Amino acid sequence: MTAYILDGKAIAARIKAEIAAEVAKMKTAHGVTPGLAALVAADDPASQMYVTMKRNRCAEVGMNTFAHDVTAASPQEEVEAKLAELNADPAVHGILVQMPLPDHIDSLRVLDGITLRKDVDGLHPMHIGQLAIKGRDPYFAPATPSGVMVMLREAEEHVDGFEISGSNAVVLGRSNLVGMPMALLLIKANATVTIAHSRTKDTRAALADADIVVSAVGRPHMVPGEWIKPGAVVVDVATVKVDAPDTKRGYRWVGDVEPEGARERAAAISPVPGGVGPMTVIMLLRNTLRAAQIAIERGGTT
Ligand SMILES: NC(=O)c1ccc[n+]([C@@H]2O[C@H](COP(=O)([O-])OP(=O)(O)OC[C@H]3O[C@@H](n4cnc5c(N)ncnc54)[C@H](OP(=O)(O)O)[C@@H]3O)[C@@H](O)[C@H]2O)c1
């Protein structure tokens with residue numbers, strides 16, 4: 001068996017075009033341009049780079065962006081006051097806090113202060129709680145697991161007999177950002193879910209009957225191909241930079257799953273890179289569009 005490749009880049013490009021069309025329609029019909037604001041540590045080059053990348057993608061679909069630097073000298077009160085301003089600003093539909101903020105800031109207090117209708121990262125405890133409650137839906141689900149769900153839906157279209165509902169799913173990792181919300185989304189989609197983590201005694205045994213594997217650990221190739229059940233759908237969230245002296249750049253990105261072996265057994269698999277990565281930022285854009293739609297439904301009030 002050679003696996004169908006869940007091409008995150010291609011899926012993300014398709015969704016991005018749909019979002020751009022919706023943004024253009026919204027501007028014409030309502031005179032509203034979706035706006036995303038970010039609070040970001042001024043002195044953290046990686047955070048600055050991520051926020052720039054998110055702002056660029058927003059600009060490409062016609063959204064406005066605003067970034068506010070948090071410096072080593074910004075007091076907690078100043079950051080919370082800025083957040084309150086963004087919460088009240090009708091031009092800002094989505095707010096993200098790029099983690100980590102500087103050490104002296106109580107980040108959880110900042111995150112807890114985001115108005116739910118603007119929490120486009122979907123990480124507010126209320127949003128995660130709603131994911132866990134039957135009959136309730138959050139305004140927004142976190143971007144990375146949402147992107148994985150879109151990829152699994154794509155697998156339903158391309159893999160004969162594959163359906164999320166009723167499948168055995170194994171999520172490797174239980175982080176607030178990926179593993180836990182991933183498991184909750186899969187349960188909402190009627191999968192039977194097992195979560196494996198650092199204390200799991202036998203990860204191989206846990207995977208033996210997995211129709212769906214979502215791996216979010218960050219340990220290069222910790223899952224050998226032979227651990228994958230034949231016919232499974234595998235989504236590898238991990239992206240780890242490893243030395244590769246044989247390449248021009250001297251490094252490459254790898255996932256948790258050993259790809260060559262897994263491709264022989266899986267029915268569908270996502271590549272690293274070019275899998276979940278491109279989906280994550282597009283899901284953030286989709287949430288921001290949704291936030292603007294909610295604001296319009298509420299008559300433009302914040
Ligand atoms: N592509 C994207 O857009 C995207 C987005 C976010 C993250 N990522 C990548 O996804 C990976 C995970 O990110 P994260 O933020 O969730 O990381 P994290 O916070 O470090 O969480 C890692 C999780 O893996 C678990 N774990 C450790 N060893 C394990 C093992 N042997 N078997 C099963 N689980 C094990 C940990 O368990 P404990 O809870 O017991 O410690 C923890 O829950 C990283 O490589 C990250 O770069 C990619």
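What you are looking at is a predicted structure, and each value in this text was computed from that prediction instead of being measured. In each ligand, atom 1 is the first atom listed, and ligand 1 is the first ligand listed.
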Residue part near ligand 1, for T239, under 4.0 Å between non-hydrogen atoms: both
Under 3.5 Å side-chain donor-acceptor pair for E297 and Q293: no
Straight-line distance of N87 CG to R117 CZ, nearest 0.5 Å: 9.5 Å
Within reach of ligand 1, part of V217 (heavy-atom separation under 4.0 Å): both
Sub-4.0 Å heavy-atom approach of M222 to ligand 1: yes
Side chains of T200 and T203, donor plus acceptor under 3.5 Å: no
A216 to ligand 1, any heavy atom closer than 4.0 Å: yes
Close-contact set for ligand 1 against G173 heavy atoms, below 4.0 Å: 23 (C), 24 (O), 25 (C), 34 (N), 43 (O)
Modelled atom types, side-chain donor and acceptor of H127 and D119, under 3.5 Å: yes
Neighbour count >12 (heavy atoms, 6.0 Å) for atom NZ, K9: no
Winner among A143, S175, P145 once heavy atoms are compared against atom 19 (O) of ligand 1: S175
N/O separation below 3.5 Å, T280 to ligand 1: yes
Spacing of R298 atom CZ and I294 atom CD1 [to the nearest 0.5 Å]: 9.0 Å
